[in-house]
Amino acid sequence: MNSKSSSWRSPSNIALVKYWGKYEPQLPANPSLSFTLKESYTETKLEIQEEISEADFDFEVYLDYRKADNFKPKIEQFLKRIESELDFLKGHKFSIHTYNSFPHSSGIASSASGMSALALCLLSLSPEGQKLSESEFYRKASEWARLGSGSASRSLFGGLGLWGKTEGIAESSDEYAIPYAGKVDPVFQDFKDTILLVEKGQKAVSSTAGHGLMNGHPFAQERFAQAHRNMASLQSILAKGDLEAFGELVESEALTLHAMMMSSRPYFLLMKPNTLQIIEEIWNFRRETLKPLYFTLDAGANVHLLYPASIEQEALDFVNSTIKGYLKNGEYICDQVGPGPTKLT
Ligand code: DP6
């Protein structure tokens, strides 16, 4: 095989209904739905290099042109899970070059964008992938991305990505995500997500360990049932464009995620004092202005500020006047709902 390469840009996403809890092989304990982001993405180039004498394959990973051996174990685990489909790589050495649009260790989950970009590169190079129709290709890429990182499965589609078997949505599956095909009010099409960086650096608990906390968790079954109910409610909220109900559901999902972590064994408290300060300020702002400004959280201390494009100026004024002092180096990232992955030439 001659030198062959494939490059993709793939976005991160922010879950509205959260995936928290999984079982082998990387299947979700409940369905989840996320906004695909626009400005927070990973670009990855996979290049197949020389033939090697071993029967297996070998690879190197680079982040911003520097070798990143710390990424290798998670990628190795991913490649192992799809090994039977990677015969075309056997007996070759390849390189993976990645670049994130967001600052290193900014607390944005790079696994969703990174694993979806890698899955796209691998599938583009695979003889099987080349035979698929466009929709089959993205579905398969989503399935592979899921095996790299669950939330990555949702990054393959623009707008809203839905992962996990959901009542009333026949095409939904635990194996891969699908583009959300229900009615969506235009207000959500360019919804804003301003990511408030309370903390930078490594997560206190890895997401895989975090999901493990749901095994035997005393409230797990009720939480999974609640996620199903929230998926049903969110569908009608999205169709109606009911911002107030949207905010209530999304904030409750975020706080429930953290409540699950706080009530597991071992227990974790991933919010920081400034996370709580920011939440209080958001609620004050809403009480005083009646503007639709809401938050969600990932498994960390940073806050995602969600709001319609129509109040962008007020929201950014609020961030600069009231919130900036709570942020690490005053930093935040302006993002919004985006169109999904792009193949790079
Ligand atoms: C809190 O997808 O990072 O962001 O499947 O172990 O890689 P793994 O976990 P990951 O978990 C994300 C959890 C979350 C909620 C969500 O994105 O749905």
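Heavy atoms only: backbone and side chains are in, while hydrogens, waters and symmetry mates are out. Note that ligands are numbered from 1 as they come in the structure, with each ligand's atoms numbered from 1 the same way.
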Fill in the blank from the handout: Counting from 1 in the order shown, the ligand 1 atoms closer than 4.0 Å to a non-hydrogen atom of Ser111 are 3 (O)
Exercise for the section: Pull out every atom of ligand 1 sitting under 4.0 Å from any heavy atom of Ala15, numbered as shown with elements. Expected result: 16 (C), 17 (O), 18 (O)
Completion exercise
Looking only at non-hydrogen atoms, the one of Met115, Arg146, Met261, Arg154 nearest atom 16 (C) of ligand 1 is Arg154
Problem - Validation row: Tyr62, Ser95 side chains within 4.5 angstrom (heavy atoms) - result: yes
Practice task
Only heavy atoms count here, so choose which of His211, Met260, His258, Gln77 is nearest to atom 9 (O) of ligand 1.
Solution key: His211
Problem - Charged N-O contact under 4.0 Å between Glu83 and Lys80 - result: yes
Exercise for the section: Tell me, please, whether Phe88 has Lys4 positioned over its six-membered ring: NZ or CZ under 6.0 Å from the ring centre and within 45 degrees of its axis? Expected result: no
Exercise for the section: Grab the two heavy atoms, one from Pro25 and one from Leu147, that are nearest each other, plus how far apart they are. Expected result: O-CD2, 3.9 Å
Handout entry: ligand 1 to Gly150 polar contact by distance, N or O atoms, under 3.5 Å
Key = yes
Handout entry: Within reach of ligand 1, part of Ser149 (heavy-atom separation under 4.0 Å)
Key = both
Problem - Members sharing Leu213's hydrophobic cluster (side chains within less than 4.5 Å) - result: Trp20, Val205, Met214, Phe219, Phe224, Leu257, Met260, Met261, Phe268, Leu270
Practice task
Salt-bridge test for Glu331 and Lys200: reply yes if a basic N is under 4.0 Å from a carboxylate O, no otherwise.
Solution key: yes
Handout entry: Atoms in ligand 1 flagged as close to Asp298, the criterion being non-hydrogen separation under 4.0 Å
Key = 4 (O)
Exercise for the section: Say whether Lys18, considering both its backbone and side-chain N or O atoms, lies within less than 3.5 Å of an N or O atom on ligand 1. Expected result: no
For a quick test of your reading: what N or O donor-acceptor pairs under 3.5 Å do the side chains of residues 287-294 make, sequence neighbours left out?
unit_1	atom_1	unit_2	atom_2	d
Arg287	NH2	Asn284	OD1	2.5
Thr289	OG1	Phe285	O	2.7
Thr289	OG1	Lys291	N	3.1
Lys291	NZ	Glu314	OE2	3.2
Tyr294	OH	Leu243	O	3.4

Handout entry: Cationic N near anionic O, under 4.0 Å, Glu281 to Arg286
Key = no
Exercise for the section: Give yes or no for whether the N/O distance cutoff of 3.5 Å, strictly under, is met between Ser151 and ligand 1. Expected result: yes
Problem - Test of proximity, Lys22 against ligand 1: N or O pairs below 3.5 Å - result: yes
Problem - Gln26 neighbourhood, listing ligand 1 atoms whose heavy-atom distance to it stays under 4.0 Å - result: 5 (O)
Handout entry: Check: Lys74 N/O within less than 3.5 Å of ligand 1 N/O
Key = yes
Problem - More than 12 heavy atoms of other groups within 6.0 Å of Lys38 NZ - result: no
Completion exercise
Numbered in order shown, the ligand 1 atoms found under 4.0 Å of a heavy atom of Thr208 are 6 (O)
